[in-house]
Amino acid sequence: MKKLCNLGKLPLANNLLTNKNDKVKKYPLVVGFDKKTKLVGLMSNAPAEEMFNETYVYDSSQSQTMVNHFKEIAEKSLEKFKPKSVLEIGSNSGIFIKNFKDKDIEVLAVEPCKNFADKTSEEGIDTICAYWDDVLAESILKGYPDYGYPTFDLIFSSNTISHIHDLDSCFKGIKRCLSHGGTFILESPSLLEIIKNNIIDQFYHEHQSYFSIISLNQILIKYGLIIYDVEDIKVHGGSNRYYICHVNNYAQKDVSENLAKLVTKELEYGLDDYKKLKRAFENMLYNLDNLKKQIINLKQDGYNIIGYGATAKISLILNILKLDSKYITYILDTTPEKQNKFIPGIKVKILPYSKLNLNISNVCLLGAWNFKKEILAKEKEYLENGGVFITHIPITSIIDKDTILSK
Ligand code: TMP
């Protein structure tokens with residue numbers, strides 16, 4: 001891989017501290033480009049066990065947008081594929097897979113974080129608490145402890161494959177587990193949207209790969225898999241939903257025109273071109289620097305600044321910009337497991353979300369900018385009373401009642 005950008009040595013963004021003075025390990029965060037496959041990915045990696053374990057705090061059910069998102073795709077898949085068996089890789093709180101319960105369908109979830117795996121098991125979904133790889137795939141087919149599954153008609157994985165370090169073992173396992181006519185649906189943040197919208201904060205240790213259609217197809221072909229359809233979806237600041245099948249079943253699929261259209265856009269933005277990508281990173285860093293300047297100016301003008309959403313993204317950018325509790329008084333979040341903990345590195349405290357903590361005299365840095373629509377609708381009253389947000393996506397700017405009205 002050839003280096004695109006070195007973001008420095010940073011703490012693991014989601015490893016929140018219980019006590020302010022807890023020890024924090026830092027790992028290099030370097031993004032690179034693979035000339036052969038055109039994949040953008042991390043050149044170094046932090047140990048998976050330190051990021052995905054029984055203390056993992058990211059719970060997709062905390063956002064109504066995500067609940068609706070997973071219900072919609074589950075219903076659509078049920079209708080379109082009529083699967084007899086479904087496997088989810090990285091099932092988190094069960095937000096997707098629980099839509100397949102009680103339907104005369106074989107359902108299996110794989111989730112490495114024990115807190116979430118226990119939750120879905122207790123809810124009656126067969127869940128294996130493990131990291132996905134080819135060894136696990138083989139054991140599932142052979143009869144993982146007492147299961148023993150046939151291959152799966154539908155394999156679903158949202159925001160998980162991009163976290164896996166060993167793509168070789170990952171895709172070998174998927175190939176092995178997918179039934180002959182089956183579909184593997186992979187959702188992942190879109191590199192095109194990242195580049196178009198300056199989303200520098202998608203680049204954190206948890207995310208190993210940043211797929212484009214171009215790179216994903218290059219990689220899949222090696223394992224006898226191929227993309228036959230793609231949808232651009234809005235979640236996580238712009239993602240792709242890839243529909244993937246066995247190469248030898250491709251002729252039986254309705255190949256979508258969307259594929260060629262989106263590949264043309266990817267080429268326009270230079271997602272296959274090292275020099276253009278390098279320039280895009282320079283722009284992203286410039287925009288982030290503007291955010292720092294704006295925050296420092298607001299602080300000098302006497303404003304109190306808080307964060308809205310203790311996301312991995314806000315943890316990353318505040319650490320890159322070295323903005324600690326001198327600048328950001330606290331961060332609000334609705335997730336109980338995050339509350340009263342501290343962001344690693346810059347040690348800003350996370351407080352429970354409440355109207356009182358939000359308070360119109362505070363300027364809010366939009367940490368959960370990917371839920372901007374949901375949040376601005378929820379905080380109508382705050383905005384109407386003079387409340388102000390600041391965001392760096394797609395460009396550093398202020399959001400208040402006037403800017404919303406002028407749209
Ligand atoms: P994510 O960007 O990694 O999906 O995380 C979103 C975080 O933002 C999650 O911790 C929940 C939090 N959040 C709120 O606190 N309030 C909200 O209204 C929304 C939508 C999210």
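Every number for a ligand or one of its atoms is a count from 1 in the order of the listing. Just so you know, these numbers come straight off a predicted model, no measurement behind them.
Using the six-membered ring where Trp is involved, Y274 and F33 have ring planes that are tilted, between 30° and 60° apart.
Distance check: K172 NZ to D133 CG gives 11.0 Å after rounding to the nearest 0.5 Å.
Counting only N and O atoms by type, the side chains of S169 and D134 include no donor and acceptor under 3.5 Å apart. In this model, a donor atom of one side chain and an acceptor atom of the other lie less than 3.5 Å apart for H236 and N159.
Geometric assessment of K378 against the ring of Y353 yields a positive cation-pi assignment under the 6.0 Å and 45° thresholds.
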For ligand 1, output the ligand-protein N/O contacts shorter than 3.5 angstrom; if there are none, return none.
{"from": "ligand 1", "atom 1": "2 (O)", "to": "K313", "atom 2": "NZ", "distance (Å)": "2.6"}
{"from": "ligand 1", "atom 1": "2 (O)", "to": "N370", "atom 2": "OD1", "distance (Å)": "3.3"}
{"from": "ligand 1", "atom 1": "2 (O)", "to": "N370", "atom 2": "ND2", "distance (Å)": "2.9"}
{"from": "ligand 1", "atom 1": "4 (O)", "to": "Y58", "atom 2": "OH", "distance (Å)": "3.2"}
{"from": "ligand 1", "atom 1": "10 (O)", "to": "D333", "atom 2": "OD1", "distance (Å)": "3.0"}
{"from": "ligand 1", "atom 1": "10 (O)", "to": "D333", "atom 2": "OD2", "distance (Å)": "2.8"}
{"from": "ligand 1", "atom 1": "10 (O)", "to": "T335", "atom 2": "OG1", "distance (Å)": "3.2"}
{"from": "ligand 1", "atom 1": "10 (O)", "to": "K338", "atom 2": "NZ", "distance (Å)": "2.7"}
{"from": "ligand 1", "atom 1": "15 (O)", "to": "T334", "atom 2": "N", "distance (Å)": "3.0"}
{"from": "ligand 1", "atom 1": "15 (O)", "to": "T334", "atom 2": "OG1", "distance (Å)": "3.3"}
{"from": "ligand 1", "atom 1": "18 (O)", "to": "K378", "atom 2": "NZ", "distance (Å)": "2.7"}

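Checked against side chain to side chain contact (heavy atoms under 4.5 Å, CB included), E268 has the following partners two or more places apart in sequence or in another chain: T264.
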